[in-house]
Amino acid sequence: MIGTGADGSGTDTGGAGRGTDAARAADTGRDPGTGTAAHRVLRWWARPAEVQAAVLVLHGGEEHNLARPGRLNLPLLRMHGFLRSLERDTAGAGIALGTVRYRHRGWNGERADAARDALAALDEAAALLGPVPTVLIGHSMGGRAALRAGGHPSVTGLIALAPWCPAGDPCDHLAGRDVLLLHGDRDTVTPPADTRAFAARSRAAGARVCGYTVTGSGHAMLQRIPDWHRATTRLATALLGLRPLPAEAASALALPPASREALGLPLPRQPRTAPMLPSDG
């Protein structure tokens with residue numbers, strides 16, 4: 001099983017673009033065709049009036065489960081720490097933060113339900129916000145969904161945390177994207193070796209990839225929690241152009257595609273603060 005997969009609550013401050021069926025469903029909570037309760041695939045944690053870029057967060061789930069997620073959503077709650085950290089570090093920068101809500105608890109084989117929901121959320125965000133650059137952050141099954149949806153035109157980069165990376169998953173669509181991977185060396189749910197193999201294939205396909213090993217941490221990211229939160233926030237804000245990439249990540253992304261040195265960087269302890277880029281003003 002990959003995570004527990006469930007739906008839950010979070011701060012919701014917006015819906016889809018006005019004048020569309022998706023917007024009416026978001027505004028009323030009802031499907032315009034059937035009148036039944038509509039599933040809202042995208043919910044906003046923070047949405048400033050003037051949006052310059054967006055981050056969508058995808059939580060974990062299960063390998064097979066067609067059940068509708070319930071109210072108690074432990075995998076989503078696990079991601080709230082990342083969202084709070086991102087909200088603090090992007091305050092005033094015009095960054096919209098959203099969460100992807102799955103229709104089913106599981107990936108469900110060729111259905112790839114979580115990936116379909118991720119793509120639907122990206123379409124909805126683009127309809128509402130316009131073509132702003134978007135970064136995806138996903139854990140476990142959410143990491144797999146982020147990697148699968150990373151070819152969407154809005155996506156400029158993504159961060160996958162302890163991702164589920166089966167050997168047959170495609171990667172050609174990630175060419176030209178920045179792909180940053182973090183995986184604990186004590187993970188017994190999603191093998192770190194699978195992540196490194198996917199990273200190597202993605203680099204060969206033209207993606208800019210680097211991978212971090214979070215020494216001493218397992219799949220649920222319960223060990224070294226501050227390092228997970230701070231590193232993910234710093235990498236995400238770097239992908240958004242708000243601060244420079246950590247030196248080791250910048251060097252790794254510049255290595256030739258065949259290099260394996262970029263795939264096992266040790267994640268250092270993360271300080272509380274990191275430098276931002278100077279403003280134009």
Side-chain angles (χ1 to χ4, degrees), residues 7-32 37-59 73 76-77 79-102 117-138 142 145-146 149-150 152-159 177-178 180 229-230 232-245 272-281:
D7 197 9
S9 61
T11 304
D12 182 13
T13 59
R18 297 295 180 259
T20 66
D21 285 349
R24 287 191 289 275
D27 290 342
T28 66
R30 316 298 293 181
D31 185 284
H39 178 76
R40 300 180 64 180
V41 72
L42 174 62
R43 300 191 193 180
W44 295 107
W45 177 276
R47 200 182 86 199
E50 298 292 333
V51 176
Q52 304 300 317
V55 178
L56 300 187
V57 173
L58 300 93
H59 64 76
N73 186 340
L76 177 60
L77 291 174
M79 304 308 291
H80 281 188
F82 293 94
L83 285 159
R84 285 190 290 268
S85 180
L86 283 162
E87 187 174 25
R88 286 192 300 270
D89 269 32
T90 61
I95 307 301
L97 304 176
T99 58
V100 177
R101 304 304 180 92
Y102 307 134
D117 291 337
L119 289 167
L122 285 163
D123 285 343
E124 185 175 331
L128 176 64
L129 306 176
V132 299
T134 300
V135 171
L136 301 178
I137 298 174
H152 189 279
S154 296
V155 176
T156 56
L158 63 92
I159 301 170
R177 269 65 172 182
D178 291 318
L180 309 177
H229 290 171
R230 293 170 187 167
T232 299
T233 297
R234 283 165 188 158
L235 292 170
T237 51
L239 293 179
L240 293 167
L242 301 179
R243 60 161 39 103
L245 274 168
R272 289 183 179 273
T273 60
M276 303 295 281
L277 290 175
S279 65
D280 293 335

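Residues Val41 and His39 are in side-chain contact: their nearest non-hydrogen atoms beyond the backbone lie under 4.5 Å apart. Using a 4.5 Å cut-off on side-chain heavy atoms (C-beta onward), Thr99 and Met79 make no contact. Contact annotation: the side chain of Val135 never approaches that of Leu158 to less than 4.5 Å [non-hydrogen atoms, C-beta and beyond]. A heavy-atom distance below 4.5 Å is found between the side chains of Leu42 and Leu56. Considering only heavy atoms from C-beta on, Ile137 comes within 4.5 Å of Val55 through its side chain. Two residues are said to be in side-chain contact when any heavy atoms from C-beta on lie closer than 4.5 Å; Arg101 and Arg40 fail this criterion.
At distances below 3.5 Å, not a single donor-acceptor pair connects side-chain atoms of His59 with backbone N or O atoms of Tyr102. Distance alone, capped at 3.5 Å, is enough to place a donor-acceptor pair between the Thr237 side chain and the Thr233 backbone. Remark: the backbone N or O of Ser154 is not paired with any side-chain donor or acceptor of Thr156 at under 3.5 angstrom.
The minimum heavy-atom distance between Ala236 and Leu86, with the atom names listed, is CB-CD2, 3.8 Å. Minimum heavy-atom separation, Ala118 to Ala145: CB-O, 4.3 Å. Between Gly150 and Arg177 the shortest heavy-atom distance is O-NE, 3.0 Å. Nearest approach of Ile95 to Pro48, heavy atoms of both residues: O-CD, 3.5 Å. Ala46 approaches Glu87 most closely through the heavy-atom pair CB-OE2, 4.0 Å. The two residues Ala54 and Leu129 make their nearest non-hydrogen contact at CB-CD1, 4.0 Å.
A distance of 13.0 Å separates NE2 of His229 from CZ of Arg234, quoted to the nearest 0.5 Å. With rounding to the nearest 0.5 angstrom, the CD1 atom of Ile159 is 5.0 Å from the CG atom of Leu239. Rounding to the nearest 0.5 Å places CG of Asp178 at 10.5 Å from CG of Leu235.
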Q: List the steps and the verdict of side chain to side chain contact (heavy atoms under 4.5 Å, CB included) for Val57 and Leu97.
A: CA-CA 8 Å; Val57 173; Leu97 304 176; over 6 Å; no
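In summary, of the residues considered (Arg243, Arg84, Arg272), a salt bridge (charged side-chain N to carboxylate O under 4.0 Å, His left out) with Asp89 occurs for Arg243 alone.
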